[in-house]
Each structure stands twice: as structure tokens, then as C-alpha cells.
Amino acid sequence: MFKGTKANPLGAFAALIGRDGGRNNAFTSEDYTAYHETVALDRLELVMRLEADRLTGLVLDDPVVLPERDVVLEERRLRVDSEPAALLSEQLRTALFLHHPYRNPNIGWENEIRSLGNR
């Protein structure tokens with residue numbers, strides 16, 4: 001979501017937010033991913049315009065998606081696949097939430113991540 005749109009190419013979103021001292025970030029939980037900005041009140045219109053553009057105009061072609069897919073695979077390898085406690089937690093959630101979306105890890109299953117962009 002930070003890569004850009006036709007109206008606001010890569011880097012423009014953060015630059016516009018940061019120009020006046022604002023900042024933006026994101027986080028993911030079991031239930032949602034939140035993208036948020038901290039700006040002065042008089043910059044709210046700018047942020048709403050940027051978010052509307054991002055939600056409707058995000059460029060998701062292979063040159064954008066494939067490198068990000070590799071980043072996510074590496075993050076999964078470092079945070080889950082190479083950490084016994086994380087693997088155990090993932091297996092427990094899969095067993096405990098057999099018929100619930102919580103059975104799926106936030107970062108995703110490796111085979112599903114690998115399939116992104118291959119359509």
C-alpha cells in the first residue's frame with residue numbers, strides 16, 4: 001500500500017505527509033490491517049484525498065508485487081520458519097481455530113505467498 005498510484009507515484013504519499021511534519025505507518029493484527037497518518041488538523045483534507053487515491057488507484061502490477069512477495073517470504077522465514085516458538089504457535093492456532101479465519105497466520109502460508117503474482 002506504500003508503493004504508489006498513477007496520481008501519487010512511489011514516494012509521493014510519504015513526502016506529502018512528511019512535508020509538514022506528519023508521519024505515516026501501518027500494522028496488521030488478526031482482524032485488520034491499519035494504515036494511519038499523524039498530521040496537523042489543517043492537513044486532514046490532504047490525507048483524506050491521498051487515502052481515497054490509494055484505496056482506488058493503487059498500482060499492483062508484477063514489478064510492484066513480485067519484489068514485495070519476496071520481502072514477505074523472507075520475513076516469514078526469519079520470524080516464523082526459523083523460530084521454533086513461532087512455529088509451535090502457528091500450529092496451535094491452526095488446531096485451535098480449525099473452522100475460523102484465526103487458523104491462518106497473519107503473514108500467510110508460504111505456499112500462498114509464493115503464488116502471489118503468478119496468475
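A quick note: this is a predicted structure, and the numbers were derived from the prediction, not measured.
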Student check: side-chain heavy atoms of V39 and L46 closer than 4.5 Å: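 The answer is no; the side chains never approach within 4.5 Å.
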R79 and I107, any side-chain heavy atoms less than 4.5 Å apart: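 Side chain of I107 against side chain of R79, heavy atoms only: no contact under 4.5 Å found.
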Do [X] and [Y] share a hydrophobic cluster (ILVMFWY, side-chain heavy atoms under 4.5 Å, transitive)?
X	Y	answer
V47	F2	no
V72	L116	no
Y35	V65	yes

Step-by-step salt bridge (charged side-chain N to carboxylate O under 4.0 Å, His left out) determination, R93 to E90: CA-CA 5 Å; R93 290 179 67 85; E90 186 175 83; over 6 Å; no
Hey, could you give me the [atom1]/[atom2] distance between [X] and [Y], rounded to the nearest 0.5 Å?
X	Y	atom1	atom2	answer
D31	N106	CG	CG	9.0 Å
R23	I17	CZ	CD1	12.0 Å
D61	L66	CG	CG	9.0 Å
D70	R114	CG	CZ	8.0 Å
E51	N24	CD	CG	8.5 Å
R49	R43	CZ	CZ	10.5 Å

Aromatic plane relationship, F27 with Y32 - under 30° parallel, 30 to 60° tilted, over 60° perpendicular: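 Ring orientation of Y32 relative to F27: perpendicular.
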Which heavy-atom pair separates [X] from [Y] by the least distance, and what is that distance?
X	Y	result
V80	A86	CA-CB, 3.8 Å
W109	N104	NE1-OD1, 2.9 Å
V59	V64	O-CG1, 3.7 Å
L73	E110	CD2-CG, 3.9 Å

NZ/NE/NH1/NH2 to OD/OE distance under 4.0 Å, E68 and K3: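 A salt bridge links E68 with K3.
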Worked verdict on L55 versus M1 for side chain to side chain contact (heavy atoms under 4.5 Å, CB included): CA-CA 9 Å; L55 290 171; M1 293 292 286; 4.2 Å; yes
Are more than 12 heavy atoms from other residues, nucleotides or ligands located less than 6.0 Å from atom [atom1] of [X]?
X	atom1	result
E74	CD	yes
M48	CE	no
R103	CZ	yes

Side-chain donor/acceptor of S82 to backbone N/O of R77, under 3.5 Å: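 Here the side-chain-to-backbone pair exists.
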